[in-house]
Amino acid sequence: MYTDILIPTDGSQGAQAAIEHGLEIAQQSEATVHALYVVDTRVSRSGPLLEPLRQEGRKAVRDVEVAGAQASLDVITEIVEGVPAEEILDYSATHGIDLVVMGTQGRTGVDRFVMGSVAERVVRQSPVPVLTVRQQERKL
């Protein structure tokens, strides 16, 4: 059903839940997985903060690449800089993505008002289906 699945990741636990779902769908569809990390330039446009964000990005996409390889999937990785929702939508459009699978962080209050929800923006603007995955809370 799908040939190219985009999994945007920020390395968080919420992203991990989306990775698991995205890889499962990719296996069932025999799809290529695209792992994308966006260095958020709203945080820093230059200077000492960018390199740690790039390193975080390399680890995040590498985690998807390793998990995809274990599932015998082709994985394409990319790290870009910009505003996350805009870059996810742009990547989706330019790479023929037919499904986006991404985590939600469940922001509320001031954080959501100030930063907005990346997942919400992608859902509202994407011309292709977007599957959002909530992080599962662990029961003790």
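Note that the coordinates shown come from a computational prediction; the quantities given were computed from them, not determined experimentally.
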Qualifying residues under side chain to side chain contact (heavy atoms under 4.5 Å, CB included), relative to Q28, sequence neighbours excluded: E24
If you look only at distance, which donor and acceptor atoms sit under 3.5 Å apart when one is on a side chain in residues 62-76 and the other is two or more places apart or in another chain?
unit_1: R62; atom_1: NH1; unit_2: E65; atom_2: OE1; d: 2.9
unit_1: D63; atom_1: OD2; unit_2: K59; atom_2: NZ; d: 2.9

Would one find more than 12 heavy atoms of other residues, nucleotides or ligands at under 6.0 Å from atom CD of Q27? yes
Which value, rounded to the nearest 0.5 Å, describes the distance between L99 atom CG and I97 atom CD1? 9.0 Å
With side chains defined as the heavy atoms from C-beta onward, is the minimum distance between L6 and I88 less than 4.5 Å? yes
Could you measure the distance from the OG1 atom of T9 to the CD atom of Q16? Nearest 0.5 Å is fine. 7.5 Å
Can you tell if the side chain of I5 reaches within under 4.5 Å of the side chain of T32, non-hydrogen atoms only? no
Side chain to side chain donor-acceptor pair (under 3.5 Å) against S12, all qualifying residues, sequence neighbours excluded: D10
What pairs meet the ring pair (Phe, Tyr, Trp, His ring centres under 6.0 Å) rule with one or both residues in residues 47-88, with sequence neighbours excluded? none
Rounded to the nearest 0.5 angstrom, the OH-CZ distance for Y37 and R58 is 10.0 Å
Hey, what do you get for CG (L49) to CG (D40), rounding to the nearest 0.5 Å? 11.5 Å
Looking at every heavy atom in both V33 and A26, which two are closest together, and how far apart are they? CG2-CB, 3.5 Å
Under the side chain to side chain contact (heavy atoms under 4.5 Å, CB included) rule, collect the residues that match up with A18, sequence neighbours excluded. V101, V133
Summary of ring pair (Phe, Tyr, Trp, His ring centres under 6.0 Å) pairs that have at least one residue in residues 54-88, sequence neighbours excluded: none
Using side chain to side chain contact (heavy atoms under 4.5 Å, CB included) as the criterion, list what pairs up with V130, not counting sequence neighbours. V100, M102, V122, V123, S126, T132
If you round to the nearest 0.5 Å, how far is CD of E20 from CD1 of I25? 12.0 Å
Hits for side chain to side chain contact (heavy atoms under 4.5 Å, CB included) against V80, two or more places apart or cross-chain, chain-then-number order -> L36, V38, E78, E87
Looking at residues at least two apart in the chain, or sitting in another chain, which of them share a ring-ring contact (aromatic ring centres under 6.0 Å, His included) with Y91? H34, H95
List the residues meeting side chain to side chain donor-acceptor pair (under 3.5 Å) with D98, not counting sequence neighbours, and say none if there are none. T3
Where at least one partner belongs to residues 47-88, residue pairs that pass ring pair (Phe, Tyr, Trp, His ring centres under 6.0 Å), sequence neighbours excluded: none
Salt-bridge present (R121, E86; N to O < 4.0 Å): no
